[in-house]
Asker: 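Dropping the structure in here first, questions after.
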Number of protein chains: 2
Amino acid sequence: MDKPSNTADDILAAARTFIVAGGYNGFSYADIAEVIGIRKASIHHHFPSKVDLVQTLVRRYLEDAVAGMTELERNVPEPPELLRTYAGFWAQCIEDASRPFCVCALLASELPALPPEIAAGVRAYFQFLSGWLTGVIERGAAQGTLTISAAPRVEAEAFMATVHGAMLSARAYGDVLTFGMILAPTLQKLIPTTD
Amino acid sequence: MDKPSNTADDILAAARTFIVAGGYNGFSYADIAEVIGIRKASIHHHFPSKVDLVQTLVRRYLEDAVAGMTELERNVPEPPELLRTYAGFWAQCIEDASRPFCVCALLASELPALPPEIAAGVRAYFQFLSGWLTGVIERGAAQGTLTISAAPRVEAEAFMATVHGAMLSARAYGDVLTFGMILAPTLQKLIPTTD
DNA sequence: CGAAAACTACCTACTAGTAGGTAGGTAGCG
DNA sequence: CGCTACCTACCTACTAGTAGGTAGTTTTCG
């Protein structure tokens with residue numbers, strides 16, 4: 001457990017909150033400095049440039065996702081329950097406003113205007129998530145625990161798109177329950193014999 | 001046909017392109033001035049503030065959507081074909097890069113950081129689109145031309161979310177065909193006896 | 001052990017450049 | 001004339017980033 005500095009983590013956490021709210025161009029070093037109580041020059045000590053900061057954030061976001069999915073699959077082996085848990089995770093984050101949006105989904109929306117290093121990180125996240133979902137759906141279809149009407153890869157992309165779009169809608173309506181409402185029928189179509 | 005000035009329209013078109021690329025904070029008056037060949041002070045003559053500009057853009061975007069859907073329903077009365085045409089419209093826009101993202105979907109992603117007047121316009125667009133889709137799906141279900149497994153409103157929200165999420169994915173992968181690939185099974189699940 | 005050297009984390013003070021916006025003037029036209 | 005559309009020239013506030021300094025801690029080594 002390396003805990004060399006708490007400040008770097010605080011900066012990353014603050015940056016994540018700002019990006020989730022307003023995107024890459026929606027915050028400045030001054031904003032971060034104010035909320036965590038240091039001077040903005042000190043942020044440059046931890047992250048020389050804004051690109052370094054967001055790049056680190058995106059890389060760690062992907063690492064956490066990989067670790068989270070690995071852990072999830074150890075505890076919850078059944079594909080239907082995996083999809084439900086994944087959707088439930090975001091439903092919870094949105095409902096308690098702790099992480100009301102996926103950082104990479106948000107950054108993807110402004111991808112053409114992003115520094116290339118960050119764009120690459122965002123792409124990597126999409127590829128990982130899509131790959132993981134494809135594997136889960138493939139396994140579920142083979143077992144008969146999931147019903148699919150297209151190739152696993154296509155079903156996975158559609159599922160991921162619905163999750164990201166539902167985040168957008170939840171935000172647009174300002175209603176935290178919208179996400180769960182949208183995901184319910186999406187899950188139902190994939191999972192037979194529900195209820 | 002009021003055509004009082006071409007410049008104001010040019011400014012709006014440039015702003016739309018910039019917003020679609022990088023969001024509200026991803027462009028400046030200087031950027032617009034450069035591409036359309038006037039000085040940035042002249043933009044203030046047409047749109048006193050950036051909020052005015054984007055507010056006008058969003059309002060007109062909604063007006064165009066309302067007009068477009070009304071026109072569409074006159075030409076294409078069948079619900080399955082309406083959904084297919086709507087999805088096909090965006091597939092085309094993304095494939096020829098003419099309008100590779102919905103302005104309001106993009107602005108929704110940074111909604112918490114948006115000036116309130118603009119946020120309200122974005123919300124209005126989501127409400128209109130959701131309402132229109134709900135009507136189409138309701139009619140299709142009553143006619144038996146669409147198969148639904150949840151309330152029309154919920155199916156409409158899920159469909160809209162998938163469309164928006166698919167835009168995100170198309171952008172993340174940098175592959176213009178991703179959108180159509182995702183929408184195909186989504187439409188198939190709603191439309192029986194396809195093929 | 002203890003002093004010197006090096007490193008960490010922060011600071012003040014500054015830079016060049018850009019943001020949105022304003023003041024005031026001018027060219028062309030009905 | 002008065003209006004529209006544009007201009008030059010400017011403003012203030014803020015952007016990311018730099019220079020250089022200072023405490024306090026850690027490492028190195030005689």
Side-chain angles (χ1 to χ4, degrees), chain A residues 1-19 21-58 107 110 112-119 121, chain B residues 1-59 103 106-107 110 112-119 121:
Chain A
M1 307 19 177
D2 44 14
K3 208 149 229 170
S5 161
N6 218 340
T7 306
D9 290 341
D10 290 349
I11 293 168
L12 286 169
R16 197 195 60 197
T17 303
F18 279 121
I19 288 178
Y24 183 75
N25 292 306
F27 74 101
S28 73
Y29 270 35
D31 294 325
I32 294 176
E34 196 181 2
V35 297
I36 71 169
I38 59 170
R39 298 301 159 132
K40 74 190 181 76
S42 306
I43 302 174
H44 285 282
H45 170 71
H46 296 280
F47 303 99
S49 77
K50 195 178 181 179
V51 171
D52 291 318
L53 168 56
V54 179
Q55 210 177 341
T56 303
L57 180 66
V58 169
L107 289 175
E110 39 186 4
L114 247 38
E117 306 94 315
I118 296 169
Chain B
M1 329 322 204
D2 45 11
K3 207 149 228 169
S5 161
N6 218 338
T7 307
D9 290 342
D10 290 349
I11 293 169
L12 285 168
R16 195 195 62 196
T17 304
F18 278 121
I19 287 178
V20 163
Y24 183 76
N25 292 307
F27 75 102
S28 72
Y29 270 34
D31 295 324
I32 294 177
E34 196 183 1
V35 296
I36 70 170
I38 58 171
R39 299 301 159 132
K40 76 191 177 79
S42 307
I43 302 174
H44 285 283
H45 170 71
H46 297 280
F47 302 99
S49 79
K50 195 179 181 180
V51 171
D52 291 317
L53 168 57
V54 179
Q55 209 177 340
T56 303
L57 180 67
V58 170
R59 199 187 56 235
V103 166
L106 196 146
L107 289 175
E110 38 186 5
L114 247 37
E117 306 94 315
I118 297 169

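Chain A is the first sequence line, chain B the second, and so forth, proteins listed ahead of strands; every chain is numbered from 1.
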Asker: Look at the side-chain N and O atoms of B:His45 and state whether any lies under 4.0 Å from the OP1 or OP2 oxygen of D:dC6.
Answerer: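 Checking B:His45 against D:dC6: no side-chain N or O falls below 4.0 Å of OP1 or OP2.
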
Asker: How many Å lie between CD1 on A:Ile43 and P on C:dA9, as a whole number?
Answerer: 14 Å

Asker: What does the B/S/- profile of nucleotides 12-30 of chain C look like, 5' to 3', with a 4.0 Å heavy-atom cutoff to protein?
Answerer: BB-----SBBB--------

Asker: Keeping the roles fixed (side chain from B:Tyr29, backbone from B:Ser42), state whether a donor-acceptor pair exists under 3.5 Å.
Answerer: no

Asker: Between B:Thr17 and B:Phe27, is any pair of side-chain heavy atoms under 4.5 Å apart?
Answerer: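 With C-beta onward as the side chain, the pair stays apart.
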
Asker: Quick check: does any side chain N or O of B:Asp52 sit under 3.5 Å from a backbone N or O of B:Ser49, one acting as donor and the other as acceptor?
Answerer: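 Yes: the side chain of B:Asp52 pairs with the backbone of B:Ser49.
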
Asker: Give a yes or no on whether the backbone of B:Ser28 and the side-chain of B:Lys40 come within a donor-acceptor separation of less than 3.5 Å.
Answerer: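 Checked: no pair found.
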
Asker: Please check this pair: side chain of B:Glu117 against backbone of B:Gln55, looking for a donor-acceptor N/O pair closer than 3.5 Å.
Answerer: no

